[in-house]
2 protein chains.
Amino acid sequence: MIDTLKNHILKFVSPPKSELQEFLNKMQLKRYNNKEYLLKEQQYCTHQYFISKGCFRFYFINQKGIEKIINFGIEDWWISNFDSFINKSPSEYNIQAVEDAVVFKINKQDLSAILANSLELNQYFRMIHERVRIADQKRIQYMYSLSGEELYTTFREYNPHFVQRVPQYMLASYLGFTPEFLSKIRANKKV
Amino acid sequence: MIDTLKNHILKFVSPPKSELQEFLNKMQLKRYNNKEYLLKEQQYCTHQYFISKGCFRFYFINQKGIEKIINFGIEDWWISNFDSFINKSPSEYNIQAVEDAVVFKINKQDLSAILANSLELNQYFRMIHERVRIADQKRIQYMYSLSGEELYTTFREYNPHFVQRVPQYMLASYLGFTPEFLSKIRANKKV
DNA sequence: TATATTTCTTAATCTAGATTAATTTTTTCA
DNA sequence: TGAAAAAATTAATCTAGATTAAGAAATATA
């Protein structure tokens with residue numbers, strides 16, 4: 001199971017075997033059942049998590065009490081609340097499994113120790129961040145230029161398998177509109 | 001002038017003097033006048049830019065021909081089109097000075113060479129990315145939970161000096177609404 | 001295999017913010 | 001310092017998507 005992480009790292013960098021092994025040894029396996037929480041509002045995020053299997057949603061609850069999904073995480077993604085993790089602040093977000101899941105987690109102290117010494121693992125995380133930033137930028141571009149219907153069809157086009165994995169009301173939340181409006185869009189498209 | 005960058009790096013990491021100097025030596029100073037372009041749509045982004053002085057806007061033009069600002073960059077920020085830089089794709093975005101500006105730039109080859117060897121500079125860039133990701137996350141949270149008026153007052157509150165630096169129609173674009181609507185908000189608040 | 005729970009749909013009504021089109025104010029620069 | 005350009009305002013009208021309120025399907029669970 002840890003091979004999912006090992007392979008992911010080796011796609012980006014080639015650290016010395018011992019260094020990589022040391023890192024992998026620090027990672028702890030943890031399983032989550034569907035609907036279990038990896039992190040709840042007000043808790044402190046003490047780990048970074050690599051998703052080996054399953055799917056999580058990263059969301060908050062707005063003033064009106066409505067859940068707003070900021071992101072999903074699936075296989076081969078790192079997930080955590082960076083703000084809470086880095087700044088040691090209580091989390092404003094929840095991270096919840098939306099499928100049975102397997103993750104590998106590492107705490108701040110262990111991660112810091114490794115990043116203080118490993119050039120390649122710094123490169124690995126740097127490259128991951130770069131890729132996420134590109135994706136986030138594209139997302140903001142879409143948010144600022146597409147209608148609700150276009151957002152949905154574009155997302156569907158680029159993530160045909162993923163739209164099957166989560167309930168539609170979660171997709172609607174992630175895309176920034178109501179489930180009722182998503183139903184309307186889908187009804188329009190059929191005819 | 002290069003000290004702005006040097007100081008910024010030293011706020012995060014403490015690289016060996018020679019390594020830091022080697023990096024700084026690769027940085028080329030470039031000046032931009034207000035309204036000059038650092039990058040235009042369809043061009044390839046070949047450098048990363050550290051803003052030493054001034055302000056830039058990062059924007060694209062949507063299907064209706066309207067400019068949409070995704071981000072601003074000011075002193076002590078790195079700016080570039082990562083997607084174009086990393087994937088060697090033509091840019092979908094424009095980066096334009098909105099004040100007279102001074103930047104230090106480094107090309108891909110030089111940067112890669114340095115990041116292949118310097119632990120500390122990898123850490124530096126990793127930490128920058130982490131911070132940007134936290135900010136982007138917060139931004140998406142605001143976009144998904146605040147009304148136009150709340151977006152404006154919140155932004156104003158956190159960036160009181162910055163709102164003075166750019167025309168209001170640019171602020172409106174950045175916040176995701178029209179200049180007319182921003183005028184309306186401001187008119188409401190006065191009375 | 002029936003019941004409870006979760007998810008999805010439909011339809012009527014409402015509203016935040018867009019659009020359009022002038023007009024006014026501010027800034028630039030010859 | 002005065003004309004032109006750029007930026008900001010106002011007001012009327014319009015619309016994408018929200019809200020509310022049922023009801024229908026699908027899924028889970030006993």
Side-chain angles (χ1 to χ4, degrees), chain A residues 33-37 55 57 59 61-69 72 94 96-100 142-156 162-191, chain B residues 32-37 54-55 57 59 61-69 72 94 96-100 142-156 162-191:
Chain A
N33 291 325
N34 187 8
K35 298 195 180 164
E36 252 191 281
Y37 282 89
C55 180
R57 63 177 179 145
Y59 72 95
I61 296 180
N62 75 4
Q63 307 99 314
K64 295 179 194 160
I66 296 170
E67 294 175 352
K68 296 279 184 175
I69 296 175
F72 292 104
N94 304 279
Q96 185 191 29
V98 297
E99 293 174 357
D100 293 350
Y142 286 148
M143 285 172 71
Y144 277 178
S145 58
L146 302 184
S147 68
E149 174 156 358
E150 288 166 332
L151 278 175
Y152 174 68
T153 50
T154 305
F155 185 83
R156 230 200 135 92
F162 183 75
V163 296
Q164 317 283 43
R165 277 176 84 169
V166 297
Q168 274 167 42
Y169 74 90
M170 289 192 191
L171 216 61
S173 173
Y174 172 75
L175 294 173
F177 44 72
T178 60
E180 290 84 357
F181 184 61
L182 181 50
S183 265
K184 213 183 199 172
I185 291 170
R186 287 161 51 85
N188 283 342
K189 300 205 90 56
K190 255 177 242 149
V191 187
Chain B
Y32 290 90
N33 291 325
N34 188 7
K35 298 196 180 163
E36 252 189 281
Y37 282 89
C55 180
R57 63 176 179 146
Y59 72 96
I61 297 181
N62 74 4
Q63 305 99 315
K64 294 178 192 159
I66 296 171
E67 293 175 354
K68 295 281 184 175
I69 296 176
F72 291 104
N94 304 279
Q96 186 192 27
V98 297
E99 290 174 1
D100 294 349
Y142 286 150
M143 286 171 71
Y144 277 179
S145 59
L146 302 184
S147 68
E149 172 155 359
E150 289 166 332
L151 279 175
Y152 173 67
T153 51
T154 304
F155 186 82
R156 231 198 135 94
F162 183 76
V163 297
Q164 317 285 42
R165 278 175 84 169
V166 297
Q168 272 167 44
Y169 73 89
M170 287 190 194
L171 216 60
S173 173
Y174 172 74
L175 294 173
F177 44 72
T178 59
E180 290 84 356
F181 184 61
L182 181 49
S183 267
K184 213 183 199 171
I185 291 170
R186 287 162 52 84
N188 283 344
K189 300 206 87 57
K190 254 176 246 151
V191 189

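Quick note on labels: first sequence line is chain A, next is B, and so on, each numbered from 1.
Judged as a side chain to side chain donor-acceptor pair (under 3.5 Å), and not counting sequence neighbours, A/Tyr169 has no contacts. Partners of B/Glu99 under the salt bridge (Lys or Arg N to Asp or Glu O under 4.0 Å) rule, at least two apart in sequence or in another chain, are B/Arg165. For A/Ser183, there are no side-chain contact (heavy atoms from CB on, under 4.5 Å) partners two or more places apart in sequence or in a different chain. Every residue two or more places apart in sequence or in another chain that forms a ring pair (Phe, Tyr, Trp, His ring centres under 6.0 Å) with A/Phe72 is listed here: A/Phe162, A/Tyr174. For B/Glu36, there are no salt bridge (Lys or Arg N to Asp or Glu O under 4.0 Å) partners at least two apart in sequence or on another chain. A search for salt bridge (Lys or Arg N to Asp or Glu O under 4.0 Å) contacts involving A/Glu150 returns nothing, not counting sequence neighbours.
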Interface polar pairs with nucleotides 3-5 of chain D, N/O, under 3.5 angstrom:
none

Contacts under 3.5 Å, N or O only, protein and nucleotides 3-5 of chain C:
none

If you restrict it to nitrogen or oxygen atoms, what contacts under 3.5 Å exist between nucleotides 24-28 of chain D and the protein, and what is each distance?
none

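Of the inter-residue distances, the one linking A/Ile185 atom CD1 with A/Gln168 atom CD reads 10.5 Å to the nearest 0.5 angstrom. The distance from atom CD1 of B/Ile61 to atom OG of A/Ser145, rounded to the nearest 0.5 Å, is 12.5 Å. Note that CG of B/Leu182 and CD of B/Glu149 are 10.5 Å apart. Values are rounded to the nearest 0.5 Å. The distance from the CZ atom of A/Arg57 to the NZ atom of A/Lys68 is 13.0 Å, given to the nearest 0.5 Å.
We find that CG of A/Leu182 is positioned 17 Å from P of D/dA16, with the value rounded to whole Å. The interatomic distance linking A/Gln96 (CD) with C/dT6 (C1') rounds to 14 Å, in whole Å. Atom CD in A/Glu99 sits about 17 Å away from atom C1' in C/dT6, given to the nearest Å. In this structure, the CD atom of B/Glu150 is 15 Å from the C1' atom of C/dT15, given to the nearest Å.
Residues B/Tyr152 and B/Arg186 have side chains in contact (heavy-atom distance under 4.5 Å, counting atoms from C-beta outward). Using a 4.5 Å heavy-atom cutoff, the side chains of A/Val98 and A/Met170 are in contact. At least one side-chain heavy atom of A/Asn94 sits under 4.5 Å from a side-chain heavy atom of A/Tyr37.
Closest approach of B/Tyr59 and B/Glu67 over heavy atoms only: CE1-CG, 3.8 Å. Closest heavy-atom contact between A/Leu171 and A/Val166: CD1-CG2, 3.8 Å. For the pair A/Leu151 and A/Met143, the tightest heavy-atom approach, listed with the atom from each and the gap, is CD2-N, 4.2 Å. Here the closest heavy-atom approach between residue A/Gln63 and residue B/Leu146 is recorded as NE2-CD2, 3.7 Å.
For residues 163-171 of chain B, proximity to DNA chain C is found at no residue, defined as any non-hydrogen atom under 4.0 angstrom from a strand atom.
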Review point. Could you write nucleotides 17-30 of chain C as a row of B, S and -, 5' to 3', where a protein heavy atom under 4.0 Å of any base atom gives B, of only sugar-phosphate atoms gives S, and otherwise -?
Key: BBBBB---------
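Two end axes, each from the C1' atoms of five base pairs, can be drawn for the helix from C/dT1-D/dA30 to C/dA30-D/dT1; they diverge by 60°, to 10 degrees.
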Practice item. Dump the intermediate steps for side chain to side chain contact (heavy atoms under 4.5 Å, CB included) on B/Tyr144 and A/Asn62, then the final yes or no. Key: CA-CA 9 Å; B/Tyr144 277 179; A/Asn62 75 4; over 6 Å; no
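OP1 or OP2 of D/dA8 has not a single side-chain nitrogen or oxygen of B/Arg186 nearer than 4.0 Å.
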